[in-house]
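Below is one structure, written out as structure tokens; comments come after it.
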2 protein chains.
Amino acid sequence: MLSKCKCKNIPKAKLAEIISGLPEKAIIDQLCEFFKVFGDSTRLKILYFLSCNEFCVADLSDLVGMQQSAVSHQLQTLRLHRLVKCRKEGTTTYYSLNDNHVQQIFGIALEHINEGFVK
Amino acid sequence: MLSKCKCKNIPKAKLAEIISGLPEKAIIDQLCEFFKVFGDSTRLKILYFLSCNEFCVADLSDLVGMQQSAVSHQLQTLRLHRLVKCRKEGTTTYYSLNDNHVQQIFGIALEHINEGFVK
DNA sequence: TGAATTAATGAACATATATTCATTAATAAG
DNA sequence: CTTATTAATGAATATATGTTCATTAATTCA
């Protein structure tokens, strides 16, 4: 490990500890997928609106200004990642947030963004 | 707004409030970009290692098992998003975390993932 | 000055992904 | 039963993005 590198200012024991502390691939992949979900403006808008109230697909379509199909596809990925849940009433499907972490995540992200203007 | 929708179970006043509360495009785009940075396994690994210690590019290249160029490109994006900072010493560049939110974000994301197994 | 080392950069390529279009499924209403 | 409505799905396309390869820049050392 670290064959070519000249950075020897870290004890081997600590280095081994760091390497063994790397989360296993499955965890990293899940983290990755989780963050990817937030990395799309349409999904972010949907999540914002659902953080205010439950909405049906047609509502969300209007609100985010995107076709029904596009919104439905995005809701599917949000569902698959358990960020939203839905209940059906006749032919309409009402979506709502399923994860209390969404708000926290947004808060931290906004802090980071705001710091960009301060610095 | 909400022309075709039958979901009238929300007062117009509240709806207007919700719509006006939508963060402006610039903010959403920034949020989006911020989360995209975390949506890549190579970058996640880099961030993990940098959360333990500072490392030079060659180190990180070995640690994440990826070519120097790939790591350098990813470090560039991490730098552009102010998640890492660097200091130069001769020809080597040492990178370290620049954002105290990274740990928090990871924590919340891990909570979400773990809940997936409980439910 | 010239060779070696480390990192950064640019172009090309391959893959991933968001959107659109068209269709289907499911339910409600006439 | 037929039509209308709402949402979900699949295929196709266009765009975005990560990695590699090749090169360049900057610094150190002989």
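Per chain, numbering begins at 1; letters A, B, ... match sequence-line order. Keep in mind that the numbers below use all heavy atoms, side chains included, and drop hydrogens, waters and symmetry copies.
Across all strands shown, Thr93(A) has heavy atoms under 4.0 Å from sugar-phosphate atoms exclusively, and none from any base.
Paired with Tyr48(A) under the rule side chain to side chain contact (heavy atoms under 4.5 Å, CB included), one option of Ile28(B), Leu31(B), Leu22(B) passes, and it is Leu22(B).
Remark: C1' of dT17(C) and NZ of Lys36(B) are 10 Å apart, rounded to the nearest angstrom. When rounded to the nearest whole Å, the span between CZ of Arg43(A) and P of dA16(D) equals 15 Å. One atom, CZ of Phe38(B), and another, P of dT17(D), lie 16 Å apart when rounded to the nearest Å. The interatomic distance linking Lys88(B) (NZ) with dT5(C) (C1') rounds to 14 Å, in whole Å. Distance CZ (Phe55(B)) to P (dA7(C)): 13 Å, rounded to an integer number of Å. Note: CG (Asp62(A)) to P (dA7(D)) measures 11 Å, nearest angstrom. Atom-to-atom, CZ of Arg87(B) to C1' of dA26(D) comes out at 17 Å; the value is rounded to the nearest Å.
Using cut-offs of 30° and 60° on the angle between ring planes, the pair His101(A) and His112(B) is perpendicular. In this structure, Phe38(B) and Phe35(A) have tilted ring planes: the angle between them lies in the 30° to 60° band.
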Quiz item: Reading nucleotides 19-30 of chain C 5' to 3', which nucleotides get B (base under 4.0 Å from a protein heavy atom), which S (sugar-phosphate only), which -?
Solution: SBBB----BS--

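Residues passing the side chain to side chain contact (heavy atoms under 4.5 Å, CB included) test with Ser69(B), sequence neighbours excluded: His73(B). Lys14(A) is linked by a side-chain hydrogen bond (donor to acceptor under 3.5 Å, both in side chains) to Asn53(B), counting only residues two or more places apart in sequence or in another chain.
At dT6(C), none of the side-chain N or O atoms of Tyr95(B) fall inside 4.0 Å of OP1 or OP2 (strictly under the cut-off).
Checking Gly39(A) against Ser72(B), the closest nucleotide of DNA chain C that is more toward the 5' end is the one next to Ser72(B).
Here the side chain of Gln76(B) is nearest to one of dT9(C), dA7(D), dT9(D), namely dT9(C).
Without hydrogens or angle criteria, Lys85(B) side chain to Arg79(B) main chain gives no donor-acceptor distance under 3.5 Å.
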